[in-house]
Protein chains: 2
Amino acid sequence: MSQEGVGAGVDLETSLGYLLKEASSALRAAMEEVLRPLGMSVTHYACLELLAQRPGLSNSELARGAFVTRQTMNVLLQALERDGYVTRPAEAPVGKALPTRLTPSGRRSLEKASAAVRSVEARMLAGLTETEQSGAFRILKSMINSLHGDKEGA
Amino acid sequence: MSQEGVGAGVDLETSLGYLLKEASSALRAAMEEVLRPLGMSVTHYACLELLAQRPGLSNSELARGAFVTRQTMNVLLQALERDGYVTRPAEAPVGKALPTRLTPSGRRSLEKASAAVRSVEARMLAGLTETEQSGAFRILKSMINSLHGDKEGA
DNA sequence: CAAGCTATGTCAGAATACTGACATGAGTCA
DNA sequence: TGACTCATGTCAGTATTCTGACATAGCTTG
């Protein structure tokens with residue numbers, strides 16, 4: 001049922017951009033599936049994982065790391081703080097940035113989620129050799145770099 | 001702001017899943033940037049591009065192709081129909097599925113958007129050889145396949 | 001010092017996408 | 001035929017994320 005080529009369109013069957021979106025969508029769906037039983041969303045997990053690996057990140061830094069706006073991250077952080085997963089000082093030690101840290105409860109919650117997500121990533125990479133994986137890493141890095149540079153010709 | 005030198009255990013920096021999300025996020029942002037002047041969102045564009053290449057797709061089929069729920073696509077289609085970009089028959093020729101088609105207006109609108117998106121994709125792929133691109137294609141396909149297969153043995 | 005610029009945290013409203021639910025049409029199977 | 005299952009279109013409500021706006025802290029520059 002797919003004939004009728006339109007001139008000069010983006011061929012979805014061969015478009016790397018479309019494939020990138022499909023892969024990202026599949027990864028997100030798979031993560032949601034394993035995180036749902038743990039009562040955690042993907043963004044929740046991303047925030048906690050970031051804090052585990054880089055303690056003391058501010059709201060804005062977490063937002064950039066999770067690829068959401070700082071307003072969105074702020075709402076999430078308030079919920080996580082209310083539920084006792086993270087803590088923030090009442091006053092900023094310097095500037096306005098409030099360094100955030102995991103509580104023991106948050107760390108426990110993250111451990112199960114982190115294991116689940118790692119298993120998803122392992123499944124995603126099953127069938128790829130080490131060489132292919134490092135190739136994928138380099139290629140994705142190149143794509144990101146090319147997209148971020150606005151006027152820059154690579 | 002917390003200083004750089006985030007030296008310890010930055011597993012996110014080596015995670016292909018994280019990199020995949022970053023690349024997808026960068027692509028989406030770049031697409032939004034070029035589509036905004038045309039008054040079109042990414043989902044909007046995806047729907048029109050799908051219809052250009054596969055005329056007669058139903059609401060549910062479009063939803064799957066654009067990686068959103070059929071409810072979300074339904075809302076979008078109603079808006080596109082109201083604005084005269086697509087048409088759907090009042091009654092289903094068979095079953096309940098309503099085959100959707102672009103109007104001349106929708107086709108015109110798509111042409112500019114498609115060119116803009118094509119330039120973004122070209123920028124993304126700048127700096128990658130043909131071999132690298134076909135490698136990326138194969139690797140992404142493998143990731144998607146591995147994530148979708150639930151109990152699938154290799 | 002004063003002015004300008006940038007980054008941050010936060011509140012509020014708007015846009016977007018999702019989950020739940022219901023009715024309908026088509027195919028399957030006993 | 002009738003019951004069952006599945007896919008679809010659609011309405012309604014909820015949830016999530018975004019854009020806009022404001023005040024404040026720190027740095028830079030004249």
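Just the heavy atoms: all of them, side chains too, but no hydrogens, waters or symmetry mates, feed the values below. Computed from a prediction, not measured in an experiment: that's the story for all the values here.
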Q.
Looking at B:N74, I'd like to know whether one of its side-chain N or O atoms comes within less than 4.0 Å of OP1 or OP2 on D:dG9.
A.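 Negative; the distance criterion is not met.
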Q: Report yes if at least one side-chain N or O of A:N59 is closer than 4.0 Å to OP1 or OP2 of C:dG9; otherwise report no.
A: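 Yes, A:N59 has a side-chain N/O under 4.0 Å of OP1/OP2 on C:dG9.
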Q: Find out whether A:M143 and B:L128 are in side-chain contact, i.e. whether some heavy atom of one side chain is under 4.5 Å from a heavy atom of the other.
A: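 Counting from C-beta outward, A:M143 and B:L128 do come under 4.5 Å.
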**Q.** Within-4.5 Å side-chain heavy-atom neighbours: B:L27 and A:I144
**A.**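 B:L27 vs A:I144: side chains apart.
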How long is the gap from [atom1] on [X] to [atom2] on [Y], to the nearest 0.5 Å?
{"X": "A:Q71", "Y": "A:N59", "atom1": "CD", "atom2": "CG", "answer": "8.5 Å"}
{"X": "A:Q133", "Y": "B:S142", "atom1": "CD", "atom2": "OG", "answer": "9.5 Å"}
{"X": "A:E49", "Y": "B:Y18", "atom1": "CD", "atom2": "OH", "answer": "10.5 Å"}

Q. Hey, what bend do you get for the helix from C:dC1-D:dG30 to C:dA30-D:dT1 if you fit axes on five pairs at each end, rounded to 10°?
A.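 Both end axes considered, the difference amounts to 30°.
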Q. Could B:E132 and A:R138 be called an ion pair, given the rule that one side-chain N must be under 4.0 Å from one carboxylate O?
A.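 Yes.
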**Q.** B:R28 with B:E32: basic N within carboxylate O range, under 4.0 Å
**A.**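 Yes, B:R28 and B:E32 are salt-bridged.
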Q: Give a yes or no on whether a donor-acceptor pair under 3.5 Å exists between the nucleobase atoms of C:dG20, that is its base, and the side chain of B:Q71.
A: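 Check passes, donor-acceptor contact within cut-off.
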Q.
Please enumerate all residues that pass salt bridge (charged side-chain N to carboxylate O under 4.0 Å, His left out) together with B:R101, with sequence neighbours excluded.
A.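 Scan of B:R101 (salt bridge (charged side-chain N to carboxylate O under 4.0 Å, His left out), adjacent residues dropped) gives none.
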Any N/O pairs under 3.5 Å between the protein and nucleotides 14-17 of chain D? List them or say none.
unit_1, atom_1, unit_2, atom_2, d
D:dT17, OP1, A:T43, OG1, 2.8

**Q.** A:R118: partners by side chain to side chain donor-acceptor pair (under 3.5 Å), with sequence neighbours left out
**A.**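 With sequence neighbours excluded, A:R118 shows a side chain to side chain donor-acceptor pair (under 3.5 Å) to A:S114, B:D11, given in chain and number order.
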**Q.** side-chain hydrogen bond (donor to acceptor under 3.5 Å, both in side chains) partners of residues 77-95 of chain A, not counting sequence neighbours, each pair once
**A.**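 Residue pairs with at least one partner in residues 77-95 of chain A: A:E81-A:R88.
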**Q.** Residue pair A:E121 / B:S15, side-chain donor-acceptor N/O under 3.5 Å
**A.**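 B:S15 and A:E121 do have a side-chain donor-acceptor pair below 3.5 Å.
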Rounded interatomic separation in angstrom, taking [atom1] from [X] and [atom2] from [N]:
{"X": "B:E32", "N": "D:dT19", "atom1": "CD", "atom2": "C1'", "value": "12 Å"}
{"X": "A:L62", "N": "C:dT8", "atom1": "CG", "atom2": "P", "value": "11 Å"}
{"X": "B:R64", "N": "D:dG9", "atom1": "CZ", "atom2": "C1'", "value": "13 Å"}
{"X": "B:L77", "N": "C:dA17", "atom1": "CG", "atom2": "P", "value": "12 Å"}
{"X": "B:L35", "N": "C:dT16", "atom1": "CG", "atom2": "C1'", "value": "16 Å"}
{"X": "A:M73", "N": "C:dC11", "atom1": "CE", "atom2": "P", "value": "16 Å"}

Please write out each protein N/O paired with an N/O of nucleotides 23-26 of chain C under 3.5 Å, distance rounded to 0.1 Å.
unit_1, atom_1, unit_2, atom_2, d
C:dA23, N3, B:K96, NZ, 3.4
C:dA26, OP1, B:G95, N, 3.3

Q.
Both A:Q78 and A:R36 contact DNA chain C. Which one's nearest nucleotide lies toward the 5' end?
A.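 This one resolves to A:Q78.
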